[in-house]
Amino acid sequence: MISQANSKPKVLVVDDEPDNLDLLYRTFYRDYKVLRADSGPAALDILAQEGDISVIISDQRMPMMSGTEFLSLTATQYPDIIRIILTGYTDVEDLVDAINAGKVFKYVTKPWESEELKAVVRQAMDTHNVLKARTRELTRTLRQESLLNTITNTIRSALNYRQVLQTIVDTVGNILEVDICLLRPFQDEQLPDEGFVYQKLISSGENEPEGTSEPIPISLPILGQTVWETRELLVINNVSDDERIQSDDSLSDAFADANIHSSLIVPLIWQQKLMAVLVNFSDFIDRHCQI
């Protein structure tokens, strides 16, 4: 079970003064998971080790590396992190340049008001969540375009109908990084026993040399029982919790026999006609099935 502390958004605070680090920790530890660093280099090490940090709060005047120098180094590698700087002196030329370049979200003067700083961090969190959502959406869109382009190009190079179907399965399975991808053509108003399968390479031995992995044989008849005619996209995140499967004993048994924990069922429709059903399986761990 994920602890409440681990589920909190992460805030990295950077200051060479221990008292300031303690104060920042006490200010935010109830709402966020607070990581502390006493210098820019130490903070860079934490960023390399920790994942998904939402906000950085850094002091400006520090030895070895100023706050703006440190935050500038994070801007390219961690673009979604929101950066806040604490400054207590009047020479703000570097600070203004950093803000104008988009490397600093806001600055807060020292000594800071606790509630003011909390409000700035809340605003930074909201901005981070928006940026993260947009990045996910952009990544999803680019991946979809890449998938479509790859399938189109491979289909054009295929020599016959069976090769076209196998190329679709191989391309989708490889790009989506699923354990198994199965395509069953829909012919004469039914799904025939024939299917086209992609399976991720799995090493069959601990001491096997790299590059010699082979697919573990799978049972097409068993997998075929977990595929049905549908004209809607079906997402099964957890077979044991899915009412559609658990309410049908034969279907539930089929998933159990195939040891499948999650599945994505995609109908392939052309001119309003169902042409095939494409299924992606994850967590397929039964390595003893035979074709």
Under-4.0 Å salt bridge between Arg36 and Asp22: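 Yes, Arg36 and Asp22 are salt-bridged.
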Under 4.5 Å between any side-chain heavy atoms of [X] and [Y], yes or no?
X	Y	value
Ile236	Ile245	yes
Lys118	Asp31	no
Ile53	Leu35	yes
Met125	Pro9	yes
Leu234	Arg244	yes
Leu183	Val277	no
Val55	Tyr32	no
Leu274	Pro267	yes

Side chain [X], main chain [Y], donor-acceptor under 3.5 Å:
X	Y	answer
Ser252	Asp248	no
Glu50	Leu47	no
Lys8	Arg30	yes
Thr74	Leu71	yes
Gln199	Asp179	no
Gln60	Ser66	no
Asp242	Asn238	no
His261	Val239	no

Cationic tip of Arg184 above Phe196 ring, under 6.0 Å, 45° of axis: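 Ring-cation test returns no.
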Short side-chain donor-acceptor distance under 3.5 Å, Asp45 and Gln49: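 The criterion, which ignores hydrogens and geometry beyond distance, is not satisfied for Asp45 and Gln49.
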CA sep, side-chain torsions, deciding dist, call: Phe28, Val121, side chain to side chain contact (heavy atoms under 4.5 Å, CB included): CA-CA 9 Å; Phe28 294 109; Val121 171; 3.5 Å; yes
Intermediate values then yes/no, side chain to side chain contact (heavy atoms under 4.5 Å, CB included), Thr127 and Lys106: CA-CA 12 Å; Thr127 303; Lys106 283 193 175 182; over 6 Å; no
Check: residues 109-117 side-chain donor-acceptor pairs under 3.5 Å, at least two apart:
from   : atom 1 : to    : atom 2 : distance (Å)
Lys110 : NZ     : Asp59 : OD1    : 3.1

Arg231 atom CZ, over 12 foreign heavy atoms within 6.0 Å: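 Yes.
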Quick one: side chains of residues 11-19, donor-acceptor pairs under 3.5 Å with protein atoms, not counting sequence neighbours, listed by atom name and distance.
from  : atom 1 : to    : atom 2 : distance (Å)
Asp15 : OD1    : Glu17 : N      : 2.9
Asp15 : OD2    : Asn20 : ND2    : 3.3
Glu17 : OE1    : Asn20 : ND2    : 3.2

Ring geometry between Tyr29 and Tyr25 (parallel below 30°, tilted from 30 to 60°, perpendicular above 60°):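 Parallel.
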Same apolar cluster (I L V M F W Y, side chains within < 4.5 Å links), Met64/Ile85: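 Shared cluster, no.
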Atom pair CZ/OH of Arg83 and Tyr78 - distance to nearest 0.5 Å: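 Reported to 0.5 Å precision, the distance equals 11.5 Å.
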Atom pair CZ (Phe70) and OG (Ser39), whose distance is rounded to the nearest 0.5 Å: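 So the CZ of Phe70 and the OG of Ser39 are separated by 9.0 Å.
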